[in-house]
Amino acid sequence: MTNSDCWVPIPENSDFSIHNIPFGIFSNTNSTKRVGIAIGNHVLDIAAVAKTGIFDSLAFDQSVFTNAFLNPFIELGKTITTAVRNTIQKELTNANSILKGNDSLVVLQENITMHLPVFIRDYTDFYSSIEHATNVGTMFRDPANALLPNWRHLPVGYHGRSSSITVSGHNVHRPMGQTMPPNAEQPVYGPSKRVDFELEMGFIIGRQTSLGETLTTEKAEEYIFGKVLLNDWSARDVQKWEYVPLGPFLAKSFASHISPWVVTMEALEPFQVDGPKQETKVLPYLEYKGQKNYDINLEVAIQPENTAETVVCNSNFKYMYWNMAQQLTHHTMNGCNINVGDMMASGTISGKSEDSYGSMLELAWAGSKPLKMNDGSERKFIEDNDTVIMRGYGEKDGVRVGFGEVKAKILPAK
Ligand code: CA
């Protein structure tokens with residue numbers, strides 16, 4: 001199966017190849033929110049496709065396709081969701097498909113509005129890139145003790161806010177906050193002066209556990225439906241003052257953006273790779289077998305108002321020290337239950353080289369090494385009216401599977 005077998009045209013290097021088939025929620029002037037899949041520059045309206053009867057033999061409640069979120073569809077379980085994905089792939093490569101020639105089923109992406117794909121019930125953010133944790137520890141503490149004693153023994157994480165997670169394209173105002181300026185005697189209240197992005201990926205839970213149930217690294221990925229790109233905005237000056245002793249709070253909760261298409265774990269299988277060697281032996285419940293890291297190229301660009309973008313970071317999801325199976329196993333080891341629609345995030349994804357750091361804090365080294373933009377200006381952090389764009393894709397043996405982008409502008413403080 002190749003892109004040329006598909007009767008919807010797929011441009012070269014499209015993220016939305018015949019091998020991808022990611023799920024999202026869209027609407028247009030004619031229709032309310034519904035499930036779609038991205039193919040090339042188009043979207044296949046799955047709610048309308050269902051009316052042709054191609055899913056009837058799968059025997060499930062097809063009203064899930066007109067829900068405003070993917071949750072009821074995901075809740076059907078992988079047996080159904082994978083069968084739906086396979087059916088669509090088969091029809092798109094069938095020259096005699098019942099769907100072909102029916103113009104109302106295929107719409108151009110530029111003519112639709114994408115919405116938050118999943119009702120995110122709970123949001124957990126990990127801190128699983130050893131390069132990122134080392135960089136931050138070096139800046140905030142000292143290079144000799146950059147990693148705290150627990151870091152190599154467990155995937156550190158915290159519970160974030162899900163209410164302020166929005167989809168790509170919704171701009172956000174610079175947050176207000178309380179900070180303690182250097183050498184000041186009193187804290188001040190005002191707009192954050194150090195707004196930053198965090199390059200992350202999130203995974204969406206596809207199967208619930210009950211209270212008291214624990215998962216193993218062998219089974220954990222069966223509980224993951226798919227992945228999205230995530231910009232986990234951070235206000236560094238607010239963070240620095242507020243985080244002691246309980247950790248991230250208002251510096252993180254003002255906004256997070258995700259990409260609109262959820263790429264399934266099945267679509268990402270070709271990109272499985274070995275993870276970095278975990279030199280410190282982990283406890284038995286965190287041991288794992290097989291390839292649990294994913295080779296997904298990631299980039300971040302900053303676009304100042306009315307000028308061309310500058311790519312400031314090239315990283316890769318394969319750099320993660322702790323993999324998703326370990327994160328999820330650790331998350332459930334105390335019996336805390338997970339639900340369909342929960343999102344777990346990687347934490348900032350940094351690599352070893354200076355151009356692979358996943359935040360401005362690291363790229364501009366706490367403001368000491370400003371980055372040059374293509375328009376001649378410099379950035380230490382994100383300025384008003386800057387747009388931050390993140391993109392990601394896997395590519396192997398002619399198969400490309402991508403996430404599109406997550407994009408948002410920082411508007412001036414209200
Ligand atoms: Ca984060």
Side-chain angles (χ1 to χ4, degrees), residues 120 122-140 146-148 150-151 154-168 172 174-175 177 192 194-205 227-244 246-259 296 298-300 312-313 315-317 319-324 326-328 330-331 342-351 356-364 366 381-382 388-390 392 403 406-408 410:
I120 298 172
D122 272 316
Y123 165 41
T124 298
D125 194 16
F126 285 95
Y127 188 57
S128 288
S129 155
I130 197 164
E131 288 83 5
H132 173 68
T134 304
N135 286 340
V136 173
T138 300
M139 273 183 267
F140 284 168
L147 289 184
L148 289 169
N150 61 2
W151 202 91
L154 55 87
V156 169
Y158 75 100
H159 192 234
R161 289 290 299 176
S162 46
S163 62
S164 52
I165 300 173
T166 48
V167 76
S168 176
V172 60
R174 176 175 298 274
S192 165
R194 294 192 153 197
V195 170
D196 197 356
F197 59 79
E198 288 190 334
L199 168 65
E200 301 199 24
M201 298 198 77
F203 64 85
I204 306 293
I205 295 300
K227 292 185 65 63
V228 291
L229 298 172
L230 166 69
N231 180 353
D232 190 33
W233 295 103
S234 300
R236 300 299 181 195
D237 45 357
V238 176
Q239 182 181 359
K240 194 173 181 185
W241 173 234
E242 75 169 6
Y243 87 102
V244 185
L246 286 186
F249 187 31
L250 304 180
K252 302 284 185 170
S253 64
F254 64 96
S256 303
H257 281 84
I258 64 171
S259 52
I296 300 169
L298 300 167
E299 77 169 27
V300 185
V312 296
C313 162
S315 189
N316 194 302
F317 188 55
Y319 300 147
M320 299 308 298
Y321 186 88
W322 296 101
N323 60 51
M324 292 182 281
Q326 290 178 310
Q327 290 170 333
L328 194 48
H330 183 67
H331 204 301
D342 288 356
M343 185 172 79
M344 318 282 178
S346 56
T348 307
I349 305 163
S350 295
S356 67
Y357 296 165
S359 66
M360 288 300 283
L361 178 69
E362 296 160 89
L363 288 162
F381 289 94
I382 301 303
V388 174
I389 308 154
M390 297 176 178
F403 290 80
V406 56
K407 180 177 181 171
I410 291 289

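Note that ligands are numbered from 1 as they come in the structure, with each ligand's atoms numbered from 1 the same way.
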Salt bridge (charged side-chain N to carboxylate O under 4.0 Å, His left out) pairs touching residues 154-166, sequence neighbours excluded, are none
Are any side-chain N or O atoms of [X] and backbone N or O atoms of [Y], one a donor and one an acceptor, separated by less than 3.5 Å?
| X | Y | result |
| --- | --- | --- |
| D342 | D122 | yes |
| S346 | M201 | yes |
| D196 | A235 | no |

Given a cut-off of 3.0 Å, the protein N, O or S atoms lying below it from the Ca ion (ligand 1) are D125 OD2, E198 OE1, E200 OE2, D232 OD2
Report the residues that fulfil side chain to side chain contact (heavy atoms under 4.5 Å, CB included) with T124, sequence neighbours left out, ordered by chain and then residue number.
F126, H159, H331, M344
So, using side chain to side chain donor-acceptor pair (under 3.5 Å) as the criterion, who are the partners of E362 when residues are at least two apart?
H132, N135, S350, S359
